[in-house]
Amino acid sequence: MINDQVKDFMVKDVILASPSTSIKEVMTMFVREKIGGLPIIDENGVLRGIVTDGDILRAISPVDRRIHDYFSLITYVAEEGLEDRISELADREVIRIAKTHGILTVHPEDEMKKVVSLLSKHHFKKLPVVDQSNHVVGVISRGDVIRRIQETIINELN
């Protein structure tokens with residue numbers, strides 16, 4: 001099982017977004033598809049970013065805006081409400097809040113031990129699977145790994 005390749009247990013029917021997809025559209029996809037993240041690809045299918053439910057939560061978190069008046073040394077703190085923040089961000093392009101640099105990926109031929117190592121070391125929930133041209137061909141999640149372990153090792157122990 002540990003020598004299984006990513007292509008043996010990755011999800012091939014990947015839900016994707018384009019860089020111009022709005023944050024509210026991505027949120028709708030998350031809810032409808034019961035997922036917590038998805039790759040962002042350009043018109044050629046090349047990976048440009050990844051967005052997760054955590055990215056969205058961080059983006060809509062109320063902002064503490066401070067205005068300093070150096071003459072009277074008064075600090076004014078305006079806490080923006082959550083509803084206002086969501087309204088402000090809903091139509092923004094998702095690429096503006098997505099991770100676009102340093103994205104860790106795996107290839108279909110990589111072994112499961114590499115996936116386990118990356119997911120555990122970096123505390124990621126999912127990894128995009130890309131081909132040699134950086135086109136998204138699948139995605140693999142913690143759940144996929146756990147299912148594979150359960151199917152191949154746990155069942156054999158019984």
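These numbers come from a predicted model, not from an experiment.
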**OP:** Could you check if a side-chain atom of Leu118 sits within less than 4.5 angstrom of a side-chain atom of Phe124, using non-hydrogen atoms only?
**Re:** no
**OP:** State plainly whether the residues Lys24 and Asp91 are in salt-bridge range, i.e. N to O under 4.0 Å.
**Re:** yes
Subject >> Any Pro128 side-chain heavy atom under 4.5 Å of Val139 side chain >> reply: no
Subject >> Interatomic spacing from CD1 in Ile40 to NZ in Lys99 - rounded to 0.5 Å >> reply: 12.0 Å
Subject >> Non-hydrogen side-chain atoms of Ile140 and Val11 separated by less than 4.5 Å >> reply: no
Original post:
What is the minimum heavy-atom distance between Leu38 and Ala17, and which atoms define it?
Top reply: CD1-CB, 3.4 Å
Original post:
Between the side chains of Ser141 and Asp144, does any donor sit under 3.5 Å from an acceptor?
Top reply: yes
Subject >> Verify same cluster id: Val136, Val129 (apolar side-chain graph, 4.5 Å) >> reply: no
Subject >> Stepwise side chain to side chain contact (heavy atoms under 4.5 Å, CB included) check, Arg142 with His123 >> reply: CA-CA 10 Å; Arg142 290 179 189 174; His123 305 283; 4.3 Å; yes
**OP:** Only one of Asn134, Asp42, Thr100 passes side-chain hydrogen bond (donor to acceptor under 3.5 Å, both in side chains) with Arg48; say which it is.
**Re:** Asp42
Original post:
Is there a side-chain contact between Gln132 and His107 (heavy atoms, below 4.5 Å)?
Top reply: yes
Original post:
What distance separates Glu151 CD from Ile146 CD1, expressed to the nearest 0.5 Å?
Top reply: 11.5 Å
**OP:** Locate the shortest heavy-atom distance separating Lys125 from Leu119; write the atom from each residue and the value.
**Re:** C-CD2, 4.1 Å
Subject >> Residue pair Ile97 / Ile23, side-chain heavy-atom distance below 4.5 Å >> reply: yes
Original post:
Are the side chain of Ser120 and the backbone of Val116 linked by a donor-acceptor contact shorter than 3.5 Å?
Top reply: yes
Subject >> Separation between CD of Glu93 and CZ of Arg96, rounded to the nearest 0.5 Å >> reply: 7.5 Å
**OP:** Identify whether Ile95 and Phe30 are in the same connected component of the hydrophobic contact network (ILVMFWY, side-chain heavy atoms under 4.5 Å).
**Re:** yes
Original post:
What is the minimum heavy-atom distance between Pro108 and Val130, and which atoms define it?
Top reply: CD-O, 3.3 Å
Subject >> Note, Arg148 side chain near Asp8 side chain (heavy atom, < 4.5 Å) >> reply: yes
**OP:** Evaluate side chain to side chain contact (heavy atoms under 4.5 Å, CB included) for Asp84 paired with Ser87, printing each intermediate quantity in order.
**Re:** CA-CA 5 Å; Asp84 294 334; Ser87 174; 5.6 Å; no
Subject >> Arg92 atom CZ, over 12 foreign heavy atoms within 6.0 Å >> reply: yes
Subject >> side-chain hydrogen bond (donor to acceptor under 3.5 Å, both in side chains) partners for Asp110, two or more places apart >> reply: Lys114
Original post:
Nearest heavy-atom pair of Leu104 and Leu127: which atoms, and what distance?
Top reply: O-CD2, 3.6 Å
Subject >> Residues, nucleotides or ligands: over 12 heavy atoms within 6.0 Å of Glu83 CD >> reply: no
**OP:** Work out which heavy atom in Ala59 is nearest to a heavy atom in Leu89; give both atom names and the distance.
**Re:** O-CD1, 2.9 Å
Subject >> Within-4.5 Å side-chain heavy-atom neighbours: Val6 and Glu111 >> reply: no
Original post:
Is the side chain of Ser117 donor-acceptor paired with the backbone N or O of Lys113 at a distance under 3.5 Å, no angle test?
Top reply: no
Original post:
Quick check: does any side chain N or O of His135 sit under 3.5 Å from a backbone N or O of Leu47, one acting as donor and the other as acceptor?
Top reply: no
Subject >> Thr52 side, atom OG1; Ile50 side, atom CD1 - distance, nearest 0.5 Å >> reply: 7.5 Å
Subject >> Heavy-atom side-chain proximity of Val14 to Pro39 below 4.5 angstrom >> reply: yes
**OP:** Give the C-alpha distance, both sets of side-chain angles, the deciding distance and a yes or no for side chain to side chain contact (heavy atoms under 4.5 Å, CB included) between Phe9 and Met112.
**Re:** CA-CA 9 Å; Phe9 61 103; Met112 184 171 180; 3.6 Å; yes
Original post:
Do Val26 and Val31 belong together in a cluster built from hydrophobic side chains that touch within less than 4.5 Å?
Top reply: no
**OP:** Return the set of residues passing side-chain contact (heavy atoms from CB on, under 4.5 Å) with Glu33 (not counting sequence neighbours), or none when no residue passes.
**Re:** Ile15, Ile35
**OP:** Would you tell me whether Glu25 and Ser22 have side-chain atoms, one donor and one acceptor, within less than 3.5 Å of each other?
**Re:** yes
Original post:
Can you name the closest pair of heavy atoms from Met27 and Ile56 and give their distance?
Top reply: CG-CD1, 3.6 Å
